[in-house]
Amino acid sequence: MSAANTPEKPKNPQRRKALEEMARFSASAAAACVLVGGLGQQSKALPAQALRPPGALPEKDFLSACVRCGLCVRDCPYGTLKLADWSDGPALGTPFFHARNVPCEMCDTIPCVKACPTGALEHSLVDIAKAKMGVAVITSRETCLNLHGLRCDVCYRVCPVIDKAITLERTHNARTDKHAIFEPVVHPDYCTGCGKCEKSCVLTQAAIKVLPREMAALSQDAHYKRGWVEKDKAGGALVDAPVKLPTRGLDAPAAPAAPPSGLPNSNWRP
Amino acid sequence: MAANLTPYIEAEEKKGFWQAHRFGILRRLSQLFFLALFLTGPLFGLWIAKGTIASSMTLNVLPLTDPFVLVQSLATRHWPEGLALIGAGIVLVGYLLLGGRSYCAWVCPLNPVTDFAAFLRRKLGITTSAKLRAETRHYFAVGLVIMSALTGMVAWELVNPITALHRALVFGTFFGLLPALAIFLFDLFVAKHGWCGHLCPVGAAYGAIGKVALLRVSAPARAACDDCMDCFAVCPEPHVITPALRGGKTGASPVILSADCTLCGACIDTCPERVFAFTHRFDARALEPRALATTPLPTCERIAS
Ligand code: SF4
Ligand code: SF4
Ligand code: SF4
Ligand code: SF4
């Protein structure tokens, strides 16, 4: 540095060498930074089955806020949270959980959020029922026992937000033609993504899984207007009166079609 | 200059074992102490410090946050909760008093690893070393803050071998040991003091605090130096010694003012002539050649700055 700064004649070979060396070392530092940055781009993708703690900011903001201290992990009384190792998938050192291992028990006091010093877990979350860690989805309709017409109901019964986040919808069992199917249906507005259902699914591979909300709890395109919703919003019909459209000759019963000429009329009707 | 591979021998002979290894031993104890604070919880259920050295909470009252981590987070334009800000403030004030890179010598969990590599280097007589420039770490530190701003994530924490090692020890994330191992091999076979002395951006950040930090090492008895070069052999940042130790002729301060000094005290330990001592930044006293009286040097611009 000092050699480069001394006022010497421009063509001085020593100065030139020092400058070259400087360039070399700053270039290697820059290269290292770019490598780290590149790695950062890659770690932005959170594996679908890795869930963030309650109150976590959207993934992009979370990665700029979380300092990977593990205080949330320490204060979780159920050992739900883990800090990511290199082999785990989420960005190194960040907290996550796999619902099938240990789900979130939805503590009333939300100690993990309170422990977070950076606000990566938003302190404005005070009602754990408002948490949005993910959303449960029946990912395997072929294996879910309830969808076969059995009464497993386990995911429904363990849900801390039972009858709101998950309900059993009764439909006709077409296979037996006399029984009912009680289909577990998740309602994203209420599901917190705690993963109790996924944890408890009795199958070897859970038929219900918690997925990232941006994957499974989507909002309808704004340009797609549903008439009945718009009608509710407006508090009444959107057009003044039903428009009477011409029925194009269907007002009167159709006259029996004349048989093609040349054939006897058998009077047969399907 | 032939490498001096046997420092401490003469010091042991002249001053005894304790005086020749005092700060080395105290440093290991200090590093163990800071690690133990985090380990009593997971091991024995006795929670003293929670979290990691990136950010921690001690006894539920004392928040501490690594300023370099926080600066990166700020660079991503995230405004953290008060706790992290207070924690970083406390750390900042602490190191302003206690010397900046004293973090490196007394707290950093990676330091025993790189110290061990340096020790093995001497024992195995490895003298070859790749040429690195000590400023690389400054470019690297600044670059990482810029990278954080560009990528929107706390960039250094993706690879930081220090916090990775700490997490590995405290949280059992096994792969966190690998970067530390890589750095050990690098320091041992590739470059002497390669990591801590040239590349580590965390050390560079604490060094920035050290530019004005109060606690310093000084060479008040530099007149007694007999040029054995032991201090240069053990110092992880040998260039910091020269101005203070050789400044006698020009009347320069005997205080090691360079922010690169890690305040490890190895020079104090290894010097058989008791040249070095811990003191504060403004203590410019240098002992007379016969080491009889202490005479304050005339006001020195370097100290005031
Ligand atoms: S709400 Fe409770 S169980 Fe769930 S992650 Fe937080 S601390 Fe753990
Ligand atoms: S407490 Fe907050 S900053 Fe610390 S690891 Fe958890 S989410 Fe990240
Ligand atoms: S994840 Fe499952 S158990 Fe948890 S709230 Fe949603 S439906 Fe209920
Ligand atoms: S230079 Fe870096 S790795 Fe070395 S002791 Fe300092 S902070 Fe730790």
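The sequence lines fix the lettering, A, B, ..., with proteins before strands; numbering per chain opens at 1.
- Here the side chain of A:S64 pairs no donor or acceptor atom with the backbone of B:S73 at under 3.5 angstrom.
- Shown here for A:R74 and B:P42, the closest heavy-atom pair between the two residues is NH2-CG, 3.5 Å.
- The nearest pair of heavy atoms linking A:P117 to B:E81 is O-CB, 3.2 Å.
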Side chains of residues 174-185 of chain B: which donor-acceptor partners sit under 3.5 Å, not counting sequence neighbours?
none

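- A 6.0 Å sphere centred on CD of A:Q205 holds no more than 12 heavy atoms belonging to other residues, nucleotides or ligands.
- Both the backbone and the side chain of B:M153 come within less than 4.5 Å of a heavy atom of chain A.
- With a 4.5 Å cut-off on side-chain heavy atoms, B:H78 and A:L57 count as touching.
- For the set B:G152, B:A168, B:A155, the count of heavy-atom pairs under 4.5 angstrom toward chain A peaks at B:G152.
- For the set A:D61, A:L83, A:V67, the count of heavy-atom pairs under 4.5 angstrom toward chain B peaks at A:L83.
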Check your understanding: What do the steps show when you test A:R68 against B:L158 for side-chain contact (heavy atoms from CB on, under 4.5 Å), and what is the final call?
Key -> CA-CA 10 Å; A:R68 300 109 208 263; B:L158 294 167; 4.2 Å; yes
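- For A:D221, the CG atom counts as densely surrounded, since its 6.0 Å shell holds more than 12 non-hydrogen atoms of other residues, nucleotides or ligands.
- The two residues A:C69 and B:S55 come nearest to each other via the heavy atoms CB-O, 3.2 Å.
- B:A84 and A:T118 get closest at one heavy-atom pair: CB-CG2, 4.1 Å.
- Residues that satisfy the side-chain contact (heavy atoms from CB on, under 4.5 Å) test with B:A130, not counting sequence neighbours, are B:V190, B:A191.
- Proximity to chain B at a heavy-atom threshold of 4.5 Å picks out A:D85, A:W86, A:S87, A:A91, A:L92, A:G93 from residues 85-95 of chain A, in numerical order.
- For a residue to count as touching a neighbouring chain, one of its non-hydrogen atoms must lie under 4.5 Å from one of that chain's; by this rule A:C66 touches chain B with the backbone only.
- Both the backbone and the side chain of B:V170 come within contact range of chain A, with heavy atoms under 4.5 Å apart.
- Proximity to chain A (any heavy atom under 4.5 Å) is shown, for B:L150, by neither the backbone nor the side chain.
- Within the model, atoms CG of A:D75 and CG of B:N60 stand 7.5 Å from one another, a figure rounded to the nearest 0.5 Å.
- Residues of residues 43-53 of chain B placed with any heavy atom under 4.5 Å of a heavy atom in chain A are listed by number as B:W47, B:K50, B:G51, B:T52.
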